[in-house]
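This report concerns only the one structure given below.
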Number of protein chains: 2
Amino acid sequence: MSAPKPTQLSVRQPVRKRRTPNEARDEILLAAEDRLRIHGIDGLNVVDVAKACGMSHATVLHHFGSTGGMRRALVSHMTARLIDDIVASLEQHPEIEPPEMLRSLFHTLATGGHTKLLAWLSLSGEEFAPSGESGSMLIEHFNALIPVIAARLPESPDQLGHARRVVFMIATAAIGFGVGGPLLPAVIGLSPDDTDIFSVWLGQQIDHLRSN
Amino acid sequence: MSAPKPTQLSVRQPVRKRRTPNEARDEILLAAEDRLRIHGIDGLNVVDVAKACGMSHATVLHHFGSTGGMRRALVSHMTARLIDDIVASLEQHPEIEPPEMLRSLFHTLATGGHTKLLAWLSLSGEEFAPSGESGSMLIEHFNALIPVIAARLPESPDQLGHARRVVFMIATAAIGFGVGGPLLPAVIGLSPDDTDIFSVWLGQQIDHLRSN
DNA sequence: CCCTCTATCTACACGATTGTTGATAGGAAA
DNA sequence: TTTCCTATCAACAATCGTGTAGATAGAGGG
């Protein structure tokens, strides 16, 4: 009279979605990036990321070896996308004046979630700093980018060095804007709309650079 | 024959250091701030902070109620110190020209560990954002500071608004410098010494502001 | 000297997170 | 079909961080 094989749950739903390894990795990293942006640092644990993908956390560990492996892969993934975003931003303004190009670069850096990544890295105690492969790759890509930007700047004696300094300033401003943006205006007493002055500021700054 | 009361360890070292509540809180927050700066976000757990103070984690919980309580107290403590640092920075240059004053303000913001705090807050998903008491206190203090800074800026139609915008720009640059500082130069290909251009940049920017 | 107060400790309980293991199922190739 | 590979899962074990409870020891007041 008793059921023959009541393995705890009788009606199972053995509908497993089988992905290729690359599909699985991409899906996981996409969800991880989302969770970093929305839930902050605490969102980067294997259980929650796996849940966001609709898979078990054991699967995530299967693909990345460990939680640290997943996080390192996320750093690589996001820095790679950073490069892509920058290239796209540059190609979007192929023949335009430097100010507009640099403004676009600023916008790309400040609004793409890259600042969250940097804030995380600056807090992670170097553990996930882009060293090794991903770090050298990042440096390599930037070394390729600098001449492209330099070619669009007004002539100067040290064209490449000048381009590096310009990128450094733009990037620093973008990071500050991305990290402090949501909090600073309220504390200082500016309306969020007033942050538009950043465009003005950047414009002034860039104009100033041309006469440098 | 058996020992009467062998409470696990026979020879105890019951040398407890008894502090006043204020002493204990200060000691704990000092250690917590150190750990945030050095070990990043992971350093802010009660066990490690307590260990750094040479006390048990139960004592930390006794004084702050919970881990969250300790962290909130740390935010209050560090923002209060931020205000103190700014005031000290302003008093250090009582009669000096605005550029030097603002450069000093930038230096204070960028090098005091405040950027770590902001990076943490921007990643903590608002949980520890300075709301309530500490937040309104911070805003209050800044509202008191703005006129002081405004009085030192060249005249303009909207003196207070101008001061707010100047502070916003300086603060944003400082945050970007503090967060990205250690990583950016290497990636972009600048020597760490080249970051001195930031002083030059700030100087130019501030000169530009005067004619605004 | 005794009493009271409480800062501090040790020990434990609990939940969350990580990582492992063995079994299973999806899919492709034979 | 049959076979093989492996992506996937449920269940377990181990560890870590948080929080609680009861006991203890400084220190001041009576």
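No contact: Thr20(B) has no heavy atom under 4.0 Å from any strand. Across all strands shown, Val46(B) has heavy atoms under 4.0 Å from sugar-phosphate atoms exclusively, and none from any base. In this structure, Gly54(A) reaches the sugar-phosphate backbone alone: every heavy-atom distance under 4.0 Å involves primed, P, OP1 or OP2 atoms, never a base.
Contact between the side-chain N/O atoms of His62(B) and the OP1/OP2 oxygens of dT8(C) is not found at any separation under 4.0 Å. Taking only side-chain nitrogens and oxygens, Ser56(A) never comes nearer than 4.0 Å to OP1 or OP2 of dT8(D). Between Thr67(A) and dG19(C) there is a side-chain N or O to OP1 or OP2 distance below 4.0 Å.
A straight line from CZ of Arg16(B) to P of dA23(D) spans 13 Å, rounded to a whole angstrom. For the pair Met55(A) CE and dT6(D) C1', the computed distance is 14 Å after rounding to whole Å. Rounded to an integer number of Å, the gap from CZ of Arg18(B) to P of dG28(D) is 9 Å. Going from atom CD of Glu27(B) over to atom P of dA7(C) covers 14 Å, rounded to whole Å. Distance Asn22(B) CG to dA7(C) P: 11 Å, rounded to the nearest Å. Separating the CG atom of Leu44(A) from the P atom of dA16(C) is a distance of 19 Å, rounded to the nearest angstrom. Nucleotide dG19(D) holds its P atom 16 Å from the NE2 atom of His63(B), rounded to whole Å. The NZ atom of Lys17(B) sits 16 Å away from the C1' atom of dC9(C) (whole-angstrom rounding).
For dG17(D), its base never sits under 3.5 Å from the side chain of His57(B) at any donor and acceptor pair. A donor-acceptor contact under 3.5 Å is not formed by the side chain of Arg19(B) with the base of dT8(C).
Electrostatic pairing of Asp84(B) and Arg81(B) does not count as a salt bridge here, judged by no charged N lying under 4.0 Å from a carboxylate O.
Side-chain atoms of Arg164(A) do not come within 3.5 Å of backbone N or O of Ile146(A) as any donor-acceptor pair. Between the Arg37(A) side chain and the Lys116(A) main chain, no donor and acceptor come within less than 3.5 Å of each other.
Residue whose closest nucleotide on DNA chain C sits further toward the 5' end, between Ala58(B) and Ser66(A): Ala58(B). Annotation: of the two residues near DNA chain C, Asn45(A) and Thr59(B), the 5′-most nearest-nucleotide partner is Thr59(B).
Shortest non-hydrogen contact noted between Phe177(A) and Thr172(B) is N-CG2, 3.3 Å.
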* To do: Any chance you could lay out the side-chain hydrogen bond (donor to acceptor under 3.5 Å, both in side chains) test for His114(A) and Asp85(A), step after step, and finish with the verdict?
  => CA-CA 10 Å; His114(A) 305 300; Asp85(A) 286 356; 3.1 Å; yes

